[in-house]
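Since the structure comes first, as structure tokens, the remarks are kept for the end.
So you know, we letter chains A, B, ... as the sequences are listed, proteins then strands, and number each from 1.
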Amino acid sequence: ETGVTQTPRHLVMGMTNKKSLKCEQHLGHNAMYWYKQSAKKPLELMFVYNFKEQTENNSVPSRFSPECPNSSHLFLHLHTLQPEDSALYLCASSQVQASESTDTQYFGPGTRLTVL
Amino acid sequence: AQSVTQLGSHVSVSEGALVLLRCNYSSSVPPYLFWYVQYPNQGLQLLLKYTSAATLVKGINGFEAEFKKSETSFHLTKPSAHMSDAAEYFCAVSGLEDGGSQGNLIFGKGTKLSVKP
């Protein structure tokens, strides 16, 4: 138990569906992240939120839409996905210090997404 | 740009044998280095991290890693493997390179460790 929870743990959706992934952190952190983990590929950082403001968007297709309503919650809204979007989606949080880059990221268990 | 290379996508050892998982990094600034472990159907868990203090870092579950600047390496070791060590291990680097974002991690592709009885 890392203090980061994700729901649902498994999700199967068709290409025309709209769904959302939810992440919640109970660690009092000020930064949250979405990663995509596909087979045989490194973890890909998708989005970063520092103090609820999106600071990074690594060229993610617009069919993925993040939302960070407060520093404890992070959503990933999905619509018109493709089969190649099937992957494990991991959420993480950290406490970003003002001048340090050593903050440890704590990961949730992930949502296993299958797009049919 | 920062990068991480993990040599060997799959390593197999016998129970009780030495575990050695290799990680080399590239960074134009002093790096911060991490090892994470991922058990099946779970997220990533931090094993240890290097933050420019001692070059030999001890982590959880008996693992340790040594930062060698001259070799740009941060290999993970454990003297005696246990069946419960079977998992996938990820090396990651972080650092404020030009254009980089604070706190962002760059991960290697991972090494899957199998432990034979």
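Using a 4.5 Å cut-off between heavy atoms, Gln37(A) contacts chain B through its side chain alone, with no backbone atom that close. Interface remark: Arg9(A) contributes side-chain atoms only to the contact with chain B (heavy atom separation under 4.5 Å). Only the side chain of Tyr36(B) comes within less than 4.5 Å of a heavy atom of chain A; its backbone N, CA, C and O stay farther away. Both the backbone and the side chain of Leu44(B) come within contact range of chain A, judged by heavy atoms closer than 4.5 Å. Looking at Gln6(B), there are no atoms closer than 4.5 Å to chain A (heavy atoms on both sides), in backbone or side chain.
With a 6.0 Å radius and a threshold of 12 heavy atoms from other residues, nucleotides or ligands, Asn41(B) has its CG atom at or below the threshold.
Exactly one of Ser93(A), Ser94(A), Ser71(A) qualifies for a side chain to side chain donor-acceptor pair (under 3.5 Å) with His29(A). That residue is Ser93(A).
Contact tally against chain B (heavy-atom pairs below 4.5 Å) for Leu90(A), Leu45(A), Leu43(A): the top residue is Leu43(A).
Not a single donor-acceptor pair under 3.5 Å links the side chain of Thr72(B) to the backbone N or O of Lys69(B).
Ring geometry for Tyr50(B) against Phe67(B) counts as parallel: the plane angle stays under 30°, on a 0 to 90° scale with 60° as the upper cut.
Asn70(A) and His73(A) share a donor-acceptor pair across their side chains, judged by distance under 3.5 Å alone.
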